[in-house]
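Here is the naming used below: chain letters follow the sequence lines, and residue numbers restart at 1 for every chain.
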2 protein chains.
Amino acid sequence: MGQTKPVLNQNSQQEDTKNRLLDAAEALFCENGYDGVSVRELTAAAECNLAAVNYHFGGKDKLYAEMFRRQFGIMIQRNIETIDRVMTDPGISLEDLLRAVMKPVMCSVIENETGGKVLRLLVRAVLNQQIDRNSFASEMKTQLFERLGRAILQLVPGIDPDKILLIVFSIDGAILHPFLFMDFYQETMPNLSIDDLLDHMVRFVAAGIRGYANPNQEGG
Amino acid sequence: MGQTKPVLNQNSQQEDTKNRLLDAAEALFCENGYDGVSVRELTAAAECNLAAVNYHFGGKDKLYAEMFRRQFGIMIQRNIETIDRVMTDPGISLEDLLRAVMKPVMCSVIENETGGKVLRLLVRAVLNQQIDRNSFASEMKTQLFERLGRAILQLVPGIDPDKILLIVFSIDGAILHPFLFMDFYQETMPNLSIDDLLDHMVRFVAAGIRGYANPNQEGG
DNA sequence: TAAAAATTGAAACAACTGTTTCAAACAACA
DNA sequence: TGTTGTTTGAAACAGTTGTTTCAATTTTTA
C-alpha cells in the first residue's frame, strides 16, 4: 500500500496483451471472417505468443465472442442513450427520432469505423450461426427494440400496440439493408450522399409508420 | 443409332454424380456454411469418391458457386415472371404487386424450401465476400430491381424517377429482414402467421412508397 | 531478497484441409 | 472384340489448423 508505487503496472501489462489481441481480432476478423484468420495471424498482429489466445481467452472462439461483447455493448448503449435523450425534447417529431437513431449507424459504415465493421461482422456471425441465439446480442437488441417501440407509440398516436414489434423490426430492416450493402448502394448510386440516403430512409420509414396509424388512406 | 437403345445412359450416369454432389452441397453448405463442410463430407453424402469434386467441378469453391448459380437463377427468373404476370392485369394495385413479390420469398423460408435456404446462404456468402461482386448474382439482382422499379413507377404516379432505386432497395430491405431473421421473428412473436406478416410488410412498404408520392403530408 | 504466482516462448502434437496422382473400372465407338 | 476416352477408387501429398506442453521468464507477494 505504498503511496508512490505505480500499482497499475501488473494489471496494465496483462491487460495490454489482452487488448492488443482484441484489437487485432477486430481488425483481422472484420476483414477476413472467423475462418479466414488463424490464431497465428492474430498473435503475429498482436505481437504476442501463439499460446496467448488460449491463455487469456481460452480459445479462438472465446476471443471472437469477447470482441463482439465489447463493441456491441457500447453501440447498443449509445443507441439507447440517443433515444432517451431525444425523447426528453417535448417538441420532437417522428422524423427527428428516426434520423437520430439512423444517423450514427450509417456514419459508422460510411466512415469505416471499427464499431460499424464489428457490427457488420456480428450480423454475419449471427447468420453463420457462430454466436448462439439467446446470447448477449439477442438480449441487448431486444432491450433496444422495446425502447424504440415505446418511443414510437408515444410520438405517433393511433398505432396498435400489438403491431409495434413488427414496425420496429421493419425499421431495423430499413437500417440494416444499407448498413450491410453500402458497397452496392455506392456502386449503383455513385452520387448518393449520406444525407440523401438518410433523407430517404427517414421519409420512407416515417411514411410506413404513419400509414399504419391512419389505416384507411387507400383501398388495398 | 439403334431405335431401342437407351442413349442417355452415359450422360445420365455422369450427370447423376454431379447432381448428387450439387444436392449434397445444398444440404450441407446451407446447414454448416462453406468452411463448415469438408470435401470428404460432401463426397460421403453424395456417395461418390473424394476426387469427384475436383474432377467434375474443378474444386470445392467452384461447386459452391455452381450451387448458387443453379438456384439463384431459378428464383430471380420466377420473381421477374411474377412481376410481368401481375403487371398485365390492368386493375392491379401497388399492394397486389408487393404481395405477389413478397409471398413466395416468405413462404420459401417458412416452409423450409431448398431455394429459400440457398438464397439465405447466398446472402451470407455475399456478406462473407465469398462470391465476388459483379458476378451473376449482382447482375441478376440488378435486372430484377429495374423491373420492379418500372412496375412501381407505373402503379404509383408522382414518384421522382431519380428516387426509384432507393425505394426498390428499401423494399429489398423490408423483404430481406424477415427472410434472414425469421427465427427471431417467430421466437419473439410465436402467434405470428405468414399472412399476418405479409399483411404488415405490404402495408408498411406501400405506405412508405405512397408517402413518397405525396410529399407534404406532415411537416418533418 | 526469497518464494510463489502469473505470463511468455518455442516446440511439438494430433487432426484435418483441399488437391493430386495413377492404376483400375467403366463406358462408347469402330 | 479391341481401342479409345471417360469416370472412379484408394492412397498419398503438402500444408494448415487450434491447442497443449513445459521450461524460461517476469511479476507479485511475503
Closest approach to the side chain of Asn49(A), judged atom by atom: which nucleotide of dA10(D), dG9(C), dG18(C) is it? dG9(C)

How many Å lie between CD on Glu47(B) and P on dG9(D), as a whole number? 11 Å

Expressed in angstrom and rounded to an integer, what is the separation of Glu41(B) atom CD from dA15(C) atom C1'? 14 Å

Closest of dA12(C), dT21(C), dT8(C) to the Tyr55(A) side chain is dT8(C)

Thinking salt bridges, do Arg203(B) and Asp199(B) make one under a 4.0 Å N-O criterion? no

Any Thr17(A) side-chain nitrogen or oxygen under 4.0 Å from OP1 or OP2 of dT7(C): no

Any salt bridge linking Arg69(A) with Glu66(A)? Criterion: basic side-chain nitrogen under 4.0 Å from a carboxylate oxygen. yes

Lys NZ or Arg CZ of Lys60(B) over Tyr34(B) ring: under 6.0 Å, within 45°: yes

Tell me whether the OP1 or OP2 atom of dT8(D) has a side-chain N or O from His56(B) closer than 4.0 Å. yes

Do the rings of Tyr64(A) and Phe68(A) sit parallel, tilted or perpendicular, given the 30° and 60° boundaries? perpendicular

For the pair made of NZ in Lys18(B) and C1' in dT6(D), what is the distance, rounded to whole Å? 13 Å

How close or far is atom P of dT8(D) from atom CG of Leu21(B), stated in whole angstroms? 9 Å

Measure from CG on Asp35(A) to P on dT17(C) and round the result to the nearest Å. 11 Å

Whichever of Leu50(B) and Leu50(A) has the more 5' nearest nucleotide on DNA chain C, that residue is Leu50(A)

Measure from OH on Tyr64(A) to P on dT19(D) and round the result to the nearest Å. 14 Å

Between Ser38(B) and dC16(C), is there a contact of a side-chain N or O with OP1 or OP2 at under 4.0 Å? no

I need the CZ-C1' distance between Arg40(B) and dT17(D), as an integer number of Å. 14 Å

Rounded to whole angstrom units, what separation is found between the CZ atom of Phe57(B) and the P atom of dG18(C)? 15 Å

Going by an N to O cut-off under 4.0 Å, is there a salt bridge joining Lys163(B) and Asp196(A)? no

